[in-house]
Amino acid sequence: RMTLIAASTMFACTMVTVGVFLVQNFKYSLVAEQARLQSVASIFGAVLSEPLSSNNQAASRNVLRALKDMPSIIQASVHDKGGVLVAEMGGGAVLESSVLRSGQFKMTDLLSIRTLEISQTVVKGGAKAGMLTMVVDISWMRGLFWTRLFFAALFAAGAIAAALPGMEG
């Protein structure tokens with residue numbers, strides 16, 4: 001009986017420790033992914049500055065078409081400085097409750113969120129020309145977290161099971 005209590009305690013302590021590290025790692029990975037996507041948005045914002053400032057919808061759409069090669073981008077839109085939609089790509093509705101706004105990371109959101117919204121102000125000649133907004137699928141990150149947690153539990157259980165025969169003596 002004491003062996004079972006000791007093994008259960010060791011498993012619980014191991015999982016709590018590993019869980020804390022995995023949550024922190026997930027948060028850091030999400031921040032890194034946000035920074036990477038913000039860089040992409042910055043580059044596309046620079047390319048959009050000329051067509052957006054000259055209100056060239058066709059050229060703005062052509063720039064957004066280049067984003068189709070990034071499979072994680074679900075939706076992208078460009079609005080002029082007055083907030084009027086100029087161009088968009090991607091489809092489907094995105095539920096507000098599933099979108100994590102850039103920089104608004106709460107631990108309770110991290111494990112349930114599916115998409116990340118990245119916004120970049122488009123500037124031409126020092127003046128705001130508009131805004132580029134991208135909605136990006138980050139559900140793969142959550143799947144990776146749960147896979148890691150599952151394997152940590154599996155290895156912890158295996159290690160404890162292997163140690164049990166030695167604890168009984």
Side-chain angles (χ1 to χ4, degrees), residues 11-53 60-81 83 85-157 159:
F11 181 78
C13 290
T14 301
M15 288 313 299
V16 166
T17 304
V18 169
V20 167
F21 284 119
L22 284 175
V23 167
Q24 284 301 108
N25 179 268
F26 182 73
K27 184 177 179 183
Y28 295 140
S29 296
L30 188 57
V31 169
E33 181 69 0
Q34 177 196 352
R36 184 186 73 80
L37 293 165
Q38 195 68 53
S39 296
V40 169
S42 181
I43 292 166
F44 276 90
V47 175
L48 278 164
S49 65
E50 181 58 40
L52 193 54
S53 65
S60 294
R61 269 193 303 277
N62 286 338
V63 171
L64 287 184
R65 281 191 190 119
L67 289 171
K68 75 176 175 13
D69 293 329
M70 295 185 68
S72 62
I73 297 180
I74 299 169
Q75 188 176 22
S77 61
V78 179
H79 293 80
D80 66 13
K81 61 185 170 188
L85 180 66
V86 175
E88 67 181 333
M89 70 129 240
V94 177
L95 298 175
E96 279 294 312
S97 62
S98 71
V99 176
L100 182 63
R101 302 279 184 256
S102 181
Q104 295 180 350
F105 303 144
K106 291 186 287 188
M107 292 308 290
T108 54
D109 294 335
L110 291 178
L111 300 178
S112 63
I113 214 66
R114 293 183 180 156
T115 55
L116 177 64
E117 182 180 278
I118 302 290
S119 295
Q120 175 67 41
T121 301
V122 178
V123 178
K124 172 70 175 173
K128 179 180 177 178
M131 181 72 69
L132 167 65
T133 303
M134 300 184 313
V135 177
V136 184
D137 177 19
I138 57 168
S139 60
W140 63 271
M141 295 179 77
R142 198 176 71 238
L144 187 62
F145 169 82
W146 288 113
T147 300
R148 288 176 176 167
L149 189 61
F150 169 76
F151 280 108
L154 192 64
F155 289 129

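Computed from a predicted structure; not experimentally measured.
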* Structure fact -> To the nearest 0.5 Å, atom CG of L64 lies from atom OG of S77 at 8.0 Å
* Expected output: side-chain S42 to main-chain Q38 donor-acceptor under 3.5 Å -> no
* Minimum heavy-atom distance Q120-A41, with the two atoms named -> CG-O, 3.6 Å
* L22 side, atom CG; W146 side, atom CH2 - distance, nearest 0.5 Å -> 10.0 Å
* Minimal non-hydrogen separation, L132 against F44, with atom names -> CD2-CB, 3.8 Å
* To do: Give, for atom OG of S119 and atom CE of M131, the distance between the pair rounded to the nearest 0.5 Å.
  => 5.5 Å
* Under a 4.5 Å cut-off applied to non-hydrogen side-chain atoms, are L67 and M134 in contact? -> yes
* **I138 side, atom CD1; L30 side, atom CG - distance, nearest 0.5 Å** => 4.5 Å
* Asked: Okay, side chain of Q34, backbone of L116: is any donor-acceptor separation there less than 3.5 Å?
  -> no
* Asked: What heavy-atom pair brings M89 and K68 nearest, and what distance separates the two atoms?
  -> SD-N, 4.1 Å
* Atom CG of L154 and atom CG of L149: how far apart are they, to the nearest 0.5 Å? -> 11.5 Å
* Asked: With a 4.5 Å heavy-atom cut-off, do R142 and R114 have their side chains touching?
  -> yes
* To do: May I ask you to test the Y28-E33 pair for a side-chain heavy-atom distance under 4.5 Å?
  => no
* Rounded distance [0.5 Å steps], CG in N25 versus CZ in R148 -> 5.5 Å
